[in-house]
Amino acid sequence: MRKQFAVIGLGRFGSSVCKELYKLGHDVLAIDNNEEKVNNMTQFSTHSVIANGTDENALHSLGIRNFDFVIVAIGDNIQSSILCTLILKEMGVKNVWVKAQNYYHHRVLEKIGADRIVHPEQDMGIRIAQHLVSEKIIDYIELSDEYSIVELIASEKVAGKSLAQLDIRAKYGCTILAIKRNKDINISPFPQDLIDKNDILIVIGHKNDLKRFEEEGL
Ligand code: ATP
């Protein structure tokens with residue numbers, strides 16, 4: 001379903017979010033107070049506007065309240081990021097996602113009602129480190145301190161075996177959510193489905209169980 005997004009702050013993070021949402025077919029309003037940043041985004045957004053994210057009247061006249069999601073990607077200027085978030089929440093924007101610079105910024109954003117706070121540099125760092133330490137890990141998403149989702153490459157060891165034979169849930173306490181094979185993705189694998197070498201298994205579980213499965217099961 002087509003959704004309405006507004007991205008405030010078109011640095012590297014904000015512009016990537018904006019381009020990807022637009023590519024996925026959504027309506028995206030790109031906002032920055034820097035004219036050049038706005039001009040660079042005209043072909044990658046539905047509308048691009050020069051405006052200050054801390055100017056309540058400007059946000060009001062852009063109809064920001066009606067957007068499904070507003071992403072605040074103002075980076076270095078923490079004060080502006082906080083003020084912008086506060087204004088958006090006071091205006092009644094339902095979903096405000098904000099990029100945080102540090103722990104204190106995060107805490108303030110939490111207090112003023114940001115719906116989701118992201119730390120792209122840290123998150124990406126963790127994912128890349130996970131990928132670096134194991135050749136089997138393709139991607140890694142942290143769900144909480146204890147649980148995550150990983151993409152693992154199936155080795156020779158599991159090739160030709162069915163999910164039922166491998167009995168991963170009983171042995172390792174992890175669940176295979178999906179199996180990717182080339183461009184195909186099987187999002188509700190059956191117990192009798194066979195795994196091929198180099199299939200990508202998308203697995204959810206406790207971090208300790210996932211580690212055990214990756215080291216011993218694959
Ligand atoms: P990135 O790492 O994503 O490049 P950054 O952390 O370096 O970002 P900045 O470059 O400080 O972040 O800010 C991101 C963008 O936000 C810039 O394009 C900047 O012009 C814009 N910006 C800063 N303050 C405001 C504001 N008050 N209103 C709108 N845009 C703003």
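Along the sequence shown, residues carry numbers from 1. These values consider heavy atoms only, across backbone and side chains, with no hydrogens, waters or symmetry-generated copies. All values derive from a computational prediction rather than experimental measurement. Read the numbers this way: they start at 1 and go in the same order the structure lists the ligands and their atoms.
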Partners meeting side-chain contact (heavy atoms from CB on, under 4.5 Å) with Glu215 (sequence neighbours left out):
Lys211
Quick note, ring-ring contact (aromatic ring centres under 6.0 Å, His included) partners involving residues 43-75, not counting sequence neighbours, are Phe5-Phe69, Phe69-Trp97
Qualifying ring-ring contact (aromatic ring centres under 6.0 Å, His included) pairs with a residue from residues 149-200, counting only residues at least two apart or across chains:
Tyr172-Phe213
Just checking [X]: does its [atom1] atom have more than 12 heavy atoms from other residues, nucleotides or ligands closer to it than 6.0 angstrom?
X      : atom1 : result
Lys3   : NZ    : no
Arg107 : CZ    : no
Asn102 : CG    : yes

If the criterion is any heavy atom closer than 4.0 Å to an atom of ligand 1, which residues make the list?
Gly9, Leu10, Gly11, Arg12, Phe13, Asp32, Asn33, Asn34, Lys37, Ala51, Asn52, Gly53, Ala73, Ile74, Gly75, Asp76, Ser80, Lys99
